[in-house]
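These values consider heavy atoms only, across backbone and side chains, with no hydrogens, waters or symmetry-generated copies. For reference, positions follow the sequence shown, starting with 1.
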Amino acid sequence: MRQGLRVLGVAIRAEKAVFASAVLASALYGGMTVGSAWALGWATEHVVLPAFSTGSATAGALWTGVLLIMGAALLKSIGVAGRRILAGLMQYRMQARSRREVTKQYLRLPLAWHHRHPTGQLLSNASSDAEAAWAPLAPLPMAVGVVVMLLTAAVAMVLTDPALAAVGFLIFPAIAVLNLVYQRRLSPLATRAQQLRAEVSEIAHESFDGALVVKTLGREELETDRFRRRAEELRDANIAVGRVRGLFDPMLEALPTLGVLAVLGVGAARLASGSITPGDLVQVAYLFTLLSFPIRALGWVLAELPRSVVGWERVRAVLEASGSMEYGSAAPPATSDPARLEASGVSYSYGTGPEAAAVVHDVSFAVEPGRTVALVGPTGSGKSTLVQLLVRLVDPADGRVLLDGVDLRELPYGAVAESVALVPQQTFLFDDTVRGNIALGLSVSDEDVWAALRLAQADGFVARLESGLDTRVGERGATLSGGQRQRLALARAVARRPRLLILDDATSSVDPQVEARILHGLRDAAAASSVVVVAYRMATIALADEVVYLDRGRVVDHGTHDELLARCEGYRNLVTAYEREEAERAALTAEEEEAAAAGRAAGREAAERAAVAAAEEEGINA
């Protein structure tokens, strides 16, 4: 209960004016509800009973009763409308605020934090958890407002007949006990249900994201079964929550009815003894029938509190997550010249603790302005992790990454993105037009867009699209091939005219001829930027001014391509693997063809010998 009230306090402080207005509207409703009871009691005493006793009622009394009842009803309607509109406004504004704050926090948190949290859970935090956290806000103003109604009704009942009021007030301790039992039963069930919502969302996201793998490997039934099991667990958890709430709600609503029965029983005896009048009994009984509504309103809030606490705790866990990147105030160079990049003793490991092995260990190298450096190494050598460090997606555990002599951690927010562009290994395109995906929020002219497309060798296929730059590429660029997506991603980076361009195996899906034209274009345009390229193909590496060879997260050697070929066996074996494979395949093919030719020659010789032998045998016989 205390946690739930603290959550509600957060919303009240955030939306003071809206909440106060909603409570006033609800108080008007509550006050006029009691006023309706008073008007009904007045009409009973001055209109109904005189009509039964004398057979008539005065016009003045009749019109007074009508005006009292209609006036109370009109004000009550105004209170209902104001309460509902303002309560909904408060609830949806808080949900929107939580979603915005959670999303902003996702963007602030470093990539290392995202590595530890599955996407489905993050989606659940921003959607169902934010919704659950503020679910009690819809009935909250009504519940607070009807407290006025409850207090007014209690005072009216005490003034009318203290004995009847004392009988009715016995229901309040029963409500407190019932709520205590309810909270303790529902809270763990609500926690489990919210966790399962996140897991169901996570499985669904994985299945949608991996649709190609699911389809091509025939995993439809397995994925369906995995989702079905978790969905059934969520169903059972929701049923358990619903079962507890289904038991609580009728019991809560039954208590005021029991109070009415007790009041009528005691009131009938007091009426017979002449202690109260019929109007008093009608007024008190009607007030107790009205108590069921404010108690029900309080019950709605109490019923939502456990789920609200769980949702808020999950949202707050994101908002209070540590590890967000700190930024400095060092001014980046006010120039468009190529940047100088330096990695000095850089180390990084995934996970924490002594057992976490370093993926990148004590890496040092430099990229001079306008030069091209190739990062080469076998799979798992730490190249992609090093790229993330160079663009400050993550910070090194040890060492520094310097841009023009300034540590990336000392630069202000956005400074790295203004100077550095990354084309990652896994290309991502938004469900937008070609122009929108390349500009991506920047003010870029169509002329500059086409220039970037030409450099990326993408202008040809874009010109052939039905709507050219205005063609929508679908979710994740689904309407394009892998090579086309990579070229658009490269054009997006080039359009920003970065001082440092980093390519993480960004042309792996492009055929060698197109890749050669792209690399030659980048080489010609390299005067505008320094280039770091993660590469495997010999043609790509040969264009670099310097090669840094990595193995197991360490720099094994660095120098020119020819120097490393001559002195580094590991590098030579890696970069010549394709050529060796082609040579071995060609040699094997040649051997097979030679063996086949020899077999054909031997067959011809055997046939000739057989023909000669047959001729000689025919001559002898003749």
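One distance of note links CZ of F227 with CG of L234; it measures 8.5 Å at 0.5 Å rounding. The CG atom of L440 sits 8.0 Å away from atom CG of D432, with the distance rounded to the nearest 0.5 Å. In this structure, F461 CZ and L453 CG are separated by 7.5 Å, a value rounded to the nearest 0.5 Å. Within the model, atoms CH2 of W450 and CG of L455 stand 14.5 Å from one another, a figure rounded to the nearest 0.5 Å. Atom CG of N437 is separated from atom OG1 of T471 by 11.5 Å, given to the nearest 0.5 angstrom. The line from NE2 of H361 to CZ of R554 is 3.5 Å long, rounded to the nearest 0.5 Å.
Ring pair Y571/H561 is perpendicular by interplanar angle, where above 60° counts as perpendicular and below 30° as parallel.
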What do the steps show when you test V547 against T560 for side-chain contact (heavy atoms from CB on, under 4.5 Å), and what is the final call? CA-CA 6 Å; V547 178; T560 66; over 6 Å; no
Evaluate the criterion side-chain contact (heavy atoms from CB on, under 4.5 Å) for residue pair V401 and L341; output intermediate values, then yes/no. CA-CA 7 Å; V401 178; L341 178 71; 3.9 Å; yes
E223 vs R226, test: salt bridge (charged side-chain N to carboxylate O under 4.0 Å, His left out). Steps then yes/no. CA-CA 5 Å; E223 284 299 300; R226 187 164 72 108; 3.1 Å; yes
side-chain contact (heavy atoms from CB on, under 4.5 Å) assessment of V7 paired with W134: CA-CA 8 Å; V7 174; W134 308 119; 3.7 Å; yes
Report the C-alpha separation of T576 and L565 in whole Å, then their side-chain angles, then the decisive distance to 0.1 Å, and conclude whether the side-chain contact (heavy atoms from CB on, under 4.5 Å) test is met. CA-CA 9 Å; T576 60; L565 278 179; 4.1 Å; yes
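Looking only at distances, a side-chain donor or acceptor of S530 sits under 3.5 Å from a matching main-chain atom of G370. Side-chain atoms of R485 come within 3.5 Å of backbone atoms of L480 as a donor-acceptor pair (strictly under, hydrogens ignored). At distances below 3.5 Å, not a single donor-acceptor pair connects side-chain atoms of R572 with backbone N or O atoms of L564. Side-chain atoms of R487 do not come within 3.5 Å of backbone N or O of A458 as any donor-acceptor pair. Checking side-chain atoms of D398 against main-chain N and O of V346 turns up no donor-acceptor pair under 3.5 Å. A donor-acceptor pair is defined here as one N or O able to donate and one able to accept, closer than 3.5 Å; such a pair exists between the side chain of Q105 and the backbone of V318. Checked by atom type and distance alone, the side chain of T385 never pairs as donor or acceptor with a backbone atom of G382 at under 3.5 Å. Checked by atom type and distance alone, the side chain of D225 never pairs as donor or acceptor with a backbone atom of E221 at under 3.5 Å. Checked by atom type and distance alone, the side chain of S347 pairs as donor or acceptor with a backbone atom of D362 at under 3.5 Å. Side-chain N or O atoms of R99 include one that pairs as donor or acceptor with a backbone N or O of A126 at under 3.5 Å.
A salt bridge is absent between E233 and R229: the closest approach of a Lys/Arg side-chain nitrogen to an acidic carboxylate oxygen does not fall below 4.0 angstrom. Taking a cutoff of 4.0 Å between a charged side-chain nitrogen and a carboxylate oxygen, R316 and E313 qualify as a salt bridge. A salt bridge does not link D337 with R499: none of the charged nitrogens is closer than 4.0 Å to a carboxylate oxygen. Electrostatic pairing of K383 and D504 does not count as a salt bridge here, judged by no charged N lying under 4.0 Å from a carboxylate O.
Counting non-hydrogen atoms of neighbouring residues, nucleotides and ligands closer than 6.0 angstrom, the CZ atom of R400 reaches no more than 12 such neighbours. Within a 6.0 Å sphere centred on CZ of R435, heavy atoms belonging to other residues, nucleotides or ligands number more than 12.
Counting all heavy atoms, side chain and backbone alike, C568 lies closest to V556 at SG-CG1, 4.5 Å. Counting all heavy atoms, side chain and backbone alike, A132 lies closest to G311 at CB-CA, 4.5 Å. Between A493 and V423, the shortest heavy-atom distance links the atoms CB-CG2, 3.5 Å. For the residue pair A343 and L390, the shortest heavy atom distance occurs at CB-CD2, 4.5 Å. Between A237 and R192, the shortest heavy-atom distance links the atoms CB-CG, 4.5 Å. Across every non-hydrogen atom of L375 and L386, the tightest pair is CD1-CD2, 3.9 Å.
For P412, the side chain to side chain contact (heavy atoms under 4.5 Å, CB included) partners are P332, A415, not counting sequence neighbours. A search for side chain to side chain contact (heavy atoms under 4.5 Å, CB included) contacts involving T103 returns nothing, not counting sequence neighbours.
Side-chain contact between V555 and S364 is absent, with no heavy atoms from C-beta onward closer than 4.5 Å. In this structure, T433 and L469 have side chains that are not in contact, with every pair of non-hydrogen atoms separated by 4.5 Å or more. When side chains are defined from C-beta on, V462 counts as touching L488, because their heavy atoms get closer than 4.5 Å. Using a 4.5 Å heavy-atom cutoff, the side chains of I203 and V200 are not in contact.
The salt bridge (Lys or Arg N to Asp or Glu O under 4.0 Å) analysis of residues 448-460, with sequence neighbours excluded, yields the pairs D448-R497.
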